[in-house]
Student: 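Starting off with a structure, shown below.
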Amino acid sequence: MAKPTINDIAHLAGVSKKTVSRVINRSPLLNEETRERVEKVIRDTGYVPNPQARALALRRNFLVGLVHDNPSAQTVLNVQQGILGALRDTEFEMVVRPVDRGSSTMLTDIRDFISRQRPFGVILLPPISENDQLAELCQELGCRYVRMGSAQIDTPDHMVASNDRQAVMEATRYLIAQGHRRIGLISGPHGFRSARERRQGFEEALSEAGIKLPRSLIADGNYTFESGIAATQSLLDVSPRPTAIFASNDDMAAGVLLAARQRGLSVPEQLSIVGFDDQPLAARLWPPLTTVHWPMKAMGRSAALKLIGDMIDENEDIEEPSMFVSTLVKRGSVAPPEA
């Protein structure tokens with residue numbers, strides 16, 4: 001006796017193949033009576049879904065690709081957790097493809113990856129998500145894509161973004177409200193839209209308060225702990241030194257904390273510190289780090305659902321958000337400057 005197919009299940013249950021697929025993928029928005037009817041037919045026939053056969057029909061595998069060249073392992077992990085949360089209890093799996101954005105073959109490498117693996121869609125992390133040629137490549141290959149970033153750089157169905165500039169303005173205003181006037185900045189890597197957005201938010205808040213930002217109070221970083229230490233050393237060599245430092249991510253902010261202790265400075269009494277990300281380590285440092293919460297897990301989940309939502313949801317009119325709000329988390333690393 002031939003094994004039942006998805007067409008058989010749809011016929012016996014009196015529904016479409018798409019509805020059977022949604023039952024298999026446990027869509028929460030299905031009509032309960034329809035779900036129970038389809039599930040009964042599946043049980044009675046002993047039907048076992050065959051992702052390979054469906055992938056052959058779709059000419060796509062049930063894979064969501066995460067393509068990145070990001071120096072922050074925690075950022076990548078947070079996005080992965082969000083994506084996996086969206087894929088849980090579906091037929092989809094995630095495959096991670098690191099690339100080198102500095103390589104002359106990056107676009108060729110990604111073309112080969114998409115052609116070879118035939119993913120259902122890909123999620124592009126910053127900074128490569130900011131490459132318009134990469135988005136055009138996905139369109140050329142007929143591969144669904146969603147770009148993640150710190151500003152809106154594509155249409156809502158291809159984008160999840162955060163309000164980094166406004167969030168950093170809020171964080172900087174908080175330092176100013178505490179009485180700080182000499183505030184150092186550790187910026188992110190050149191070529192990152194996130195670094196540019198965060199620096200602009202910082203500078204706009206200072207300008208709004210009538211505070212000049214000397215070039216000596218800006219140090220370059222690359223989103224790593226070690227670069228945070230090196231940048232802090234240069235900032236603390238300035239005379240008079242800053243009373244507060246904003247670091248463009250938490251890894252670098254942790255480096256600020258270590259460098260301050262190496263100089264014998266107490267935090268926050270002699271140096272206030274603010275980071276960006278709200279990684280788990282932020283609450284575990286001493287003192288706990290004041291930082292901007294970057295909702296990367298939620299953004300990763302939304303990006304995945306933008307790719308696969310029409311495969312698992314009965315109601316296709318529900319749209320995943322494209323803009324996510326980053327918010328300031330106040331902890332113990334900020335205090336008014338010493339008189």
Student: With no hydrogens and no angle check, do the side chains of Ser227 and Thr224 hold a donor and an acceptor under 3.5 Å apart?
Tutor: yes
Student: Could you tell me whether the side chain of Phe202 reaches within less than 4.5 Å of the side chain of Ser248, counting heavy atoms only?
Tutor: no
Student: Nearest 0.5 Å please: distance from the CD1 atom of Ile114 over to the CG atom of Leu134.
Tutor: 7.0 Å
Student: Please name the pair of heavy atoms, one in Ser272 and one in Leu175, separated by the smallest distance, quoted to 0.1 Å.
Tutor: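 The pair with the smallest heavy-atom distance is CB-CD2, 4.2 Å.
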Student: Going from CZ on Arg111 to CG on Asp109, what distance comes out if it is rounded to the nearest 0.5 angstrom?
Tutor: 11.5 Å
Student: Looking at Arg35 and Glu32, is any side-chain nitrogen of the basic one under 4.0 Å from a carboxylate oxygen of the acidic one?
Tutor: yes
Student: Is the backbone N or O of Asp164 less than 3.5 Å from a side-chain atom of Ser326, with the two atoms forming a donor-acceptor pair by type?
Tutor: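 A pair under 3.5 Å: no.
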Student: Could you tell me whether Arg37 and Glu33 have a side-chain N and a carboxylate O separated by less than 4.0 Å?
Tutor: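 Yes, Arg37 and Glu33 are salt-bridged.
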Student: Among the clusters formed by ILVMFWY side chains lying less than 4.5 Å apart, do Met296 and Met323 turn up in the same one?
Tutor: no
Student: Within the 4.5 Å heavy-atom criterion, are Gln117 and Val95 side-chain neighbours or not?
Tutor: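 Sidechains of Val95 and Gln117: no contact.
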Student: Scan residues 121-132 for pairs that pass side-chain hydrogen bond (donor to acceptor under 3.5 Å, both in side chains), counting only residues two or more places apart or in two chains.
Tutor: Asp132-Arg147
Student: Kindly say whether Ala298 contributes a backbone atom to a donor-acceptor pair with the side chain of Ser302 at under 3.5 angstrom?
Tutor: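 Not a single qualifying donor-acceptor pair exists.
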Student: In the structure I gave you, are the side-chain heavy atoms of Arg198 and Ser150 within less than 4.5 Å of one another anywhere?
Tutor: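 With C-beta onward as the side chain, the pair touches.
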Student: Would a 4.5 Å heavy-atom cut-off, applied to side chains only, mark Ile176 and Arg181 as touching?
Tutor: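 Counting from C-beta outward, Ile176 and Arg181 do come under 4.5 Å.
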Student: In terms of side-chain geometry, is the basic nitrogen of Asp237 or Arg263 positioned less than 4.0 Å from the acidic oxygen of its partner?
Tutor: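 So Asp237 pairs with Arg263 through a salt bridge.
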Student: Could you check whether any side-chain N or O of Arg215 sits under 3.5 Å from a backbone N or O of Ile218, counting only pairs where one atom can act as donor and the other as acceptor?
Tutor: yes
Student: Could you tell me whether the side chain of His190 reaches within less than 4.5 Å of the side chain of Asp220, counting heavy atoms only?
Tutor: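 Of all side-chain heavy-atom pairs linking His190 with Asp220, at least one is under 4.5 Å.
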Student: Could you note down all residue pairs passing side-chain hydrogen bond (donor to acceptor under 3.5 Å, both in side chains) where residues 67-78 supplies at least one of them, sequence neighbours left out?
Tutor: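 As it turns out, the side-chain hydrogen bond (donor to acceptor under 3.5 Å, both in side chains) pairs with a partner in residues 67-78, which skip direct neighbours, are Ser72-Thr75, Gln74-Asn78.
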Student: Would you say Asp251 and Gln279 make side-chain contact, with heavy atoms under 4.5 Å?
Tutor: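 A side-chain contact exists here, since the closest heavy-atom pair is under 4.5 Å.
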Student: Quick one: CG on Asp8 to OG1 on Thr45, what's the gap to the nearest 0.5 Å?
Tutor: 8.0 Å
Student: List the steps, then state whether side chain to side chain donor-acceptor pair (under 3.5 Å) holds for Thr19 with Ser16.
Tutor: CA-CA 5 Å; Thr19 297; Ser16 68; 3.1 Å; yes
Student: In Å, rounded to the nearest 0.5 Å, how long is the span from OG of Ser162 to CD of Gln152?
Tutor: 10.0 Å
Student: Of the non-hydrogen atoms in Arg101 and Ile128, which two are nearest, and what is the gap between them?
Tutor: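 So the two residues come closest at CB-CG2, 3.8 Å.
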Student: Quick one: sort the Phe246 and Phe276 rings into parallel, tilted or perpendicular, breaks at 30° and 60°.
Tutor: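 If you compare the ring of Phe246 with that of Phe276, the planes turn out perpendicular.
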Student: Describe, in one word, how the ring planes of Phe192 and Tyr223 are oriented to each other, choosing from parallel (under 30°), tilted (30 to 60°) and perpendicular (over 60°).
Tutor: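 Geometry flag for Tyr223 against Phe192: perpendicular rings.
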Student: Counting C-beta onward and ignoring hydrogens, is there a side-chain heavy-atom pair between Ile308 and Leu87 closer than 4.5 Å?
Tutor: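 Side-chain contact under 4.5 Å: yes.
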Student: Would Arg331 and Asp278 count as a salt bridge (charged side-chain N to carboxylate O under 4.0 Å, His left out) if you check the C-alpha gap in whole Å, the side-chain angles of each, and the deciding distance to 0.1 Å?
Tutor: CA-CA 11 Å; Arg331 297 194 180 102; Asp278 196 23; 2.9 Å; yes
Student: Is any side-chain heavy atom of Val79 closer than 4.5 Å to a side-chain heavy atom of Leu66?
Tutor: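 Yes, close enough: below the 4.5 Å cut-off.
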Student: What is the distance from atom CD of Glu338 to atom CG of Leu271, rounded to the nearest 0.5 Å?
Tutor: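 It comes to 10.5 Å.
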